[in-house]
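One structure is given here, and the rest of the page talks about it.
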Amino acid sequence: MENIKAIRGFDDIFFEEAKKFRYITNTFRELFRLYNFEEIILPIVEYKELFDRSVGEITDIVQKEMFVFEDKSKRVLALRPEGTAGVVRSVIEHGMLYKKPFLKLFYEGPMFRYERPQSGRKRQFHQIGCEVLGLDNPITDFEIIKLCFDAFKKLNIDITLEINSIGCPVCRPKYREALTNYLKDIEGLCKDCEERRFKNPLRVLDCKVETCKELTKEAPVMLDYLCENCSNHYKSLKTYLDSFGVPYKENPRLVRGLDYYTKTVFEFIKDGLTLLAGGRYDNLVESLGGPKTPAVGFAAGIERIMLFLKSEYKEDLYAVVYIENTVVEALKVANILREKGKRVELVSKGSNLKKKLEIADKLGASYALIIGPEELKKGVYILKNMNTKEQQEIENLEQLFST
RNA sequence: GAGGAUGUAGCUCAGCUGGCAGAGCGAGGGAUUGUGGAUCCCUAUGUCGCGGGUUCGACCCCCGUCAUCCUCCCCA
C-alpha cells in the first residue's frame, strides 16, 4: 500500500514557513485596517463563466490554467484563479454599491492555477489583496500603491515599483492599431511574438527575448496615445508619488495580463519576480452587470513574498521543569506565566532533570524554571538562563516581569 | 503545454564497465537517580520514487510512469 502524498503543486506550509506566511498577512491586515478597508470572505469555487467574463477569454489563465469541473448537477465550476472577479460578483449580487458611497474591501486566501510548478509558483498559492470600488480619482490609485509601499517597508524588503498607464477604451484602440501597424512589418520576432503580434500585441512589448526587445525598441509608446483624461490621471498619480517620496520606475512596456485593466497598472518587482501587482479597472463592474463603477485593486503573492522574507522571529520560551512530585506546582507556575502573556512549555517528557533540560534546550527555550522538592520546601524557583547557563533562585514569579 | 536536470536512511549526499546498501548530520539510548548545548561509547536507520523489461544477477542498462528543481509560455 503506497502512502498518500500531497498533490502536485499543492504544498504544505508549516513551522517557520507558516510563521512567515502569517507575518506577511498580518502586516497587510494591519495596513488595511489603517487605510479603512473591510474584509470580505468569499467562496473558492465560482461558476467558470465568471472568470471567462472578467479575466478575459483569451488569457492563458482562462484558456489553460483553470481548475474546471462539473458538479453533480452539471454546473460548470472553477476554482478561483484570482480574487477580483469574486469580489466584483459579490458586490453586484448584494447591491453593496447602492448602500455605501464607495467600497474598500480586502481579501485573503488560496487561488488556483493549473501551471507547471516552480519556485514562487504553485498550483495552490495564496494572495492577499484589495479592491476599491466607486472612486475614480487618482488619489485612490496613489493610496493603494502607498499601502503596498508601506507593507514592503514594514517587511523590510527592498523592491522596485514599476508603473504605467494602459489607457482606456477611448485611447487604447488607437494605440493598439498603431502598434499592430508597426509590428506588421517587423521581421525576426520570436515564435511566441509572431502569435502575439495580432492576438495580443501589447504583450510583444514585454517579451524577454533579446532580439524582440531590440526589434521593438522604436515601437510606439502608449503614453503618447493617452487621451486627455487618462493622461491627466497618470500625471496626477505621479505627482502624488513624488510628493510622498515613493520611488518608482516608469515602464512604458508594463502590460498586465488580465483583460480588465484600464489606466493605471503597477507591479512591485524583486529580482525579476513580481511579488505584487495591480491596477485600475473602470469597466469591469459594468461588464459583469453592475452599475458603471470605477475601481482599483491589487493582489500580493504571499509565497512569493516569503521567498524574500529573511527576518527571524524570536520570542522567549519558558520551559517549566519539575522533578518528582512537584507537578502540581509546575502546572500552577505555567498557568501564571501564561496569564502574564509568556510563552510556556511544561516539560512533561523526560524521566530525570538531565533529560528534561535536554528537551528544554531542543525546544529552544530561553529560560528554564526548575521546580523540585528542595525548592518547594524553601519556597523558591530556580530560574536558569539557557544561553548563559547562569541560574538564580527567585522567590516570586513577579521578578520575571519586572526586568 | 515545450525544453533540461534530478529522485538512495528523517535531512545532505557517496555508491567503481552490472556482483552482500554506505558516510556525515539528526534521532534514540548509556557508566551520572538534581543541571542541557561543540566531547566519548552503543543502537536503529532503507519497498535504492513506482511499474515493467534485459541479465545467472540491476541502485547501476532500457522503456514507461509519478514527483521535485530549473528555463520558457503565462502570471501574484
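Keep in mind that this is a model prediction, so the values were computed, not measured. Worth knowing before you read on, the calculation uses all heavy atoms, side chains too, and leaves out hydrogens, waters and symmetry mates. Protein chains get the first letters and strands the later ones, always in sequence-line order, with residue 1 at the start of each.
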Q. Is the CD atom of A:E49 crowded by more than 12 outside heavy atoms at less than 6.0 Å?
A. no
Q: For A:R196 and for A:K349, find the nucleotide of RNA chain B with the closest heavy atom, then tell me which residue's nucleotide is more 5'.
A: A:K349
Q | Which residues share a ring pair (Phe, Tyr, Trp, His ring centres under 6.0 Å) with A:Y114, sequence neighbours left out | A | A:F67
Q: Could you state the atom-to-atom distance from CG of A:L189 to P of B:C73 in whole Å?
A: 14 Å
Q) What is the distance, rounded to the nearest whole Å, between atom CG of A:D12 and atom P of B:A67? A) 15 Å
Q: When you get a sec, tell me which of B:A67, B:G34, B:C74 is the closest nucleotide to the side chain of A:R8?
A: B:A67
Q. Taking NZ, NE, NH1 and NH2 as the nitrogens, is one of them in A:E115 or A:R121 under 4.0 Å from a carboxylate oxygen of the other?
A. yes
Q.
Taking only the P atom of each, what is the distance from B:C56 to B:G15 in whole angstrom?
A. 28 Å
Q: Scan nucleotides 35-41 of chain B nucleotide by nucleotide, 5' to 3', and note B when protein non-hydrogen atoms come under 4.0 Å of the base, S if they reach only the sugar-phosphate, - if neither.
A: BBB----
Q: Return the nearest nucleotide to the side chain of A:P117; candidates are B:C69, B:G34, B:C70.
A: B:C69
(Q) Could you tell me how far apart A:E65 (CD) and B:C73 (P) are, to the nearest whole angstrom? (A) 12 Å
Q) Pairs in or reaching into residues 24-36 of chain A: which pass salt bridge (Lys or Arg N to Asp or Glu O under 4.0 Å), with residues at least two apart or in two chains? A) A:R29-A:E39, A:R29-A:E108, A:E30-A:R33
Q | Atom-pair distance (CG on A:N352; C1' on B:A31), nearest Å | A | 14 Å
Q: Give A:A360 one of three labels, base, sugar-phosphate or nothing, depending on what nucleic acid heavy atoms sit under 4.0 Å from its own.
A: nothing
Q. Residues from residues 274-281 of chain A sitting under 4.0 Å of RNA chain B, heavy atoms only?
A. A:T274, A:L275, A:L276, A:A277
Q) For atom C1', what is the distance between B:G28 and B:A67, given to the nearest Å? A) 31 Å
Q. Is A:K64 side chain donor-acceptor paired with the B:C74 base, going by distance under 3.5 Å alone?
A. no
Q.
With a 3.5 Å distance limit and no angle check, can you tell me whether A:K99 reaches the backbone of A:H94 through a side-chain donor-acceptor pair?
A. yes
Q: Check ring pair (Phe, Tyr, Trp, His ring centres under 6.0 Å) between A:F21 and all other residues, then give those that pass, not counting sequence neighbours.
A: A:H126
Pairs: protein N or O with nucleotides 6-12 of chain B N or O, under 3.5 Å:
none

Q. Do the side-chain N and O atoms of A:E218 and A:Y182 include a donor-acceptor pair separated by under 3.5 angstrom?
A. no
Q. Got a sec, which pairs hit salt bridge (Lys or Arg N to Asp or Glu O under 4.0 Å) with one end in residues 126-144 of chain A, sequence neighbours left out?
A. A:D141-A:R280
Q: Name the residue closer to the 5' end of RNA chain B, choosing between A:F10 and A:E303 according to the nucleotide with the nearest heavy atom.
A: A:F10
**Q.** Where RNA chain B forms stems, i.e. three or more consecutive Watson-Crick or G-U pairs with both distances under 3.5 Å
**A.** B:1-7 with B:66-72, B:10-13 with B:22-25, B:27-30 with B:40-43, B:49-53 with B:61-65
Kindly list each side-chain donor-acceptor pair under 3.5 angstrom involving residues 371-378 of chain A, sequence neighbours excluded, with atom names and distances?
unit_1	atom_1	unit_2	atom_2	d
A:E375	OE1	A:G372	N	2.9
A:K378	NZ	A:E393	OE1	3.2
A:K378	NZ	A:E393	OE2	2.8

Q: Any chance you could lay out the salt bridge (Lys or Arg N to Asp or Glu O under 4.0 Å) test for A:K154 and A:D150, step after step, and finish with the verdict?
A: CA-CA 6 Å; A:K154 285 200 172 185; A:D150 293 348; over 6 Å; no
Q: Indicate the atoms forming the closest heavy-atom contact of A:A78 with A:M66, along with that distance.
A: CB-SD, 3.8 Å
Q. When you check the phosphate oxygens OP1 and OP2 of B:C74, does a side-chain N or O of A:T59 lie under 4.0 Å from one of them?
A. no
Q: Find the distance A:D11:CG to B:U68:P and express it as a whole number of Å.
A: 8 Å
Q: Could you check whether A:P81 gets within reach of a base, just the sugar-phosphate, or nothing at all, counting any heavy atom under 4.0 Å?
A: nothing
Q: May I ask you to check whether A:F37 and A:F106 place their ring centers less than 6.0 Å from one another?
A: no
Q: Check whether the side chains of A:T262 and A:R172 place a donor and an acceptor atom closer than 3.5 Å, and report yes or no.
A: no
Q. Above 12 or not: heavy atoms from other molecules or residues under 6.0 Å from NZ of A:K174?
A. no
**Q.** Separation of atom NZ in A:K5 from atom P in B:U65, rounded to whole Å
**A.** 16 Å
Q) So what does A:E115 touch, heavy atoms closer than 4.0 Å: a base, only the sugar-phosphate, or nothing? A) base
Q) A:D60 side chain: which of B:G34, B:A67, B:C73 is closest? A) B:C73
Q.
Taking only the C1' atom of each, what is the distance from B:A27 to B:U12 in whole angstrom?
A. 15 Å
Q.
Taking only the P atom of each, what is the distance from B:A9 to B:G22 in whole angstrom?
A. 14 Å
Q) Is the centre of the A:F244 ring less than 6.0 Å from the centre of the A:F149 ring? A) no
Q) Which is true for A:S351 with a 4.0 Å heavy-atom rule: it touches a base, it touches only sugar-phosphate, or it touches nothing? A) nothing
Q. With sequence neighbours excluded, what pairs up with A:Y260 under the ring pair (Phe, Tyr, Trp, His ring centres under 6.0 Å) test?
A. A:Y281
Q: On the 0 to 90° scale, with breaks at 30° and 60°, tag the A:F268-A:F266 ring pair as parallel, tilted or perpendicular.
A: perpendicular
Q: Could you work out the separation of B:G24 and B:U43 based on their P atoms and round it to a whole Å?
A: 13 Å
Q: Identify whether any heavy atom of A:G9 sits under 4.0 Å from a base atom; if not, whether one sits that close to sugar-phosphate; answer base, sugar-phosphate or nothing.
A: sugar-phosphate
Q) When the C1' atoms of B:C59 and B:C48 are considered, how many whole Å apart are they? A) 5 Å
Q.
Rounding to an integer number of Å, can you tell me how far A:K355 NZ sits from B:U32 P?
A. 15 Å
**Q.** C1'-based separation of B:A14 from B:C70 [nearest Å]
**A.** 24 Å
Q.
Please list all pairs meeting salt bridge (Lys or Arg N to Asp or Glu O under 4.0 Å) that have one or both residues in residues 293-307 of chain A, counting only residues at least two apart or in different chains.
A. none
Pairwise N/O distances under 3.5 Å, protein to nucleotides 2-4 of chain B:
unit_1	atom_1	unit_2	atom_2	d
B:G3	O6	A:R116	NH2	3.2

Q. Which nucleotide in the set B:C69, B:C74, B:C73 lies at the smallest distance from any side-chain heavy atom of A:R203?
A. B:C74
Q. To the nearest angstrom, how far is A:K191 atom NZ from B:G1 atom P?
A. 16 Å
Q) If we take the C1' atom in both B:U17 and B:G7, what is their distance in whole Å? A) 23 Å
(Q) So which atom in A:T27 and which in A:A151 form the shortest heavy-atom distance, rounded to 0.1 Å? (A) CG2-O, 4.1 Å
